[in-house]
Amino acid sequence: MKLLSTKEAANYLHISVKSLQYLRERGTIKAIKFGARFLYRPETLDKLAEEYEDSGKDLSDE
């Protein structure tokens with residue numbers, strides 16, 4: 001299983017690290033906490049993108 005760092009996950013979604021952290025803090029996206037780091041599964045990021053695509057919501061509005 002490949003896990004992405006916060007920076008890698010933000011790049012994957014084409015959003016800023018700060019935006020990704022905000023989404024995680026609000027519970028919009030789940031992450032695995034490993035010590036002081038958060039790691040993200042690509043499948044979780046894909047699912048989030050699909051949900052926003054299907055709903056027509058703007059990810060930056062979160």
Indicate yes or no: at least one non-hydrogen side-chain atom of L48 is less than 4.5 angstrom from one of T28. yes
Output side-chain donor-acceptor pairs under 3.5 Å for residues 8-21, partner residues at least two apart or in another chain, one line each.
{"unit_1": "E8", "atom_1": "OE1", "unit_2": "S5", "atom_2": "N", "d": "2.8"}
{"unit_1": "E8", "atom_1": "OE1", "unit_2": "S5", "atom_2": "OG", "d": "3.4"}
{"unit_1": "N11", "atom_1": "ND2", "unit_2": "K7", "atom_2": "O", "d": "3.4"}
{"unit_1": "Y12", "atom_1": "OH", "unit_2": "D46", "atom_2": "OD1", "d": "2.5"}
{"unit_1": "Y12", "atom_1": "OH", "unit_2": "D46", "atom_2": "OD2", "d": "3.2"}
{"unit_1": "S16", "atom_1": "OG", "unit_2": "S19", "atom_2": "N", "d": "3.0"}
{"unit_1": "S16", "atom_1": "OG", "unit_2": "S19", "atom_2": "OG", "d": "2.9"}

Pair listing, salt bridge (charged side-chain N to carboxylate O under 4.0 Å, His left out) test, anchored in residues 27-44, at least two apart: R41-E43
Taking the side chain as C-beta and beyond, is there a heavy-atom pair between Y40 and L3 under 4.5 Å? no
Looking at every heavy atom in both R24 and A31, which two are closest together, and how far apart are they? CD-CB, 3.8 Å
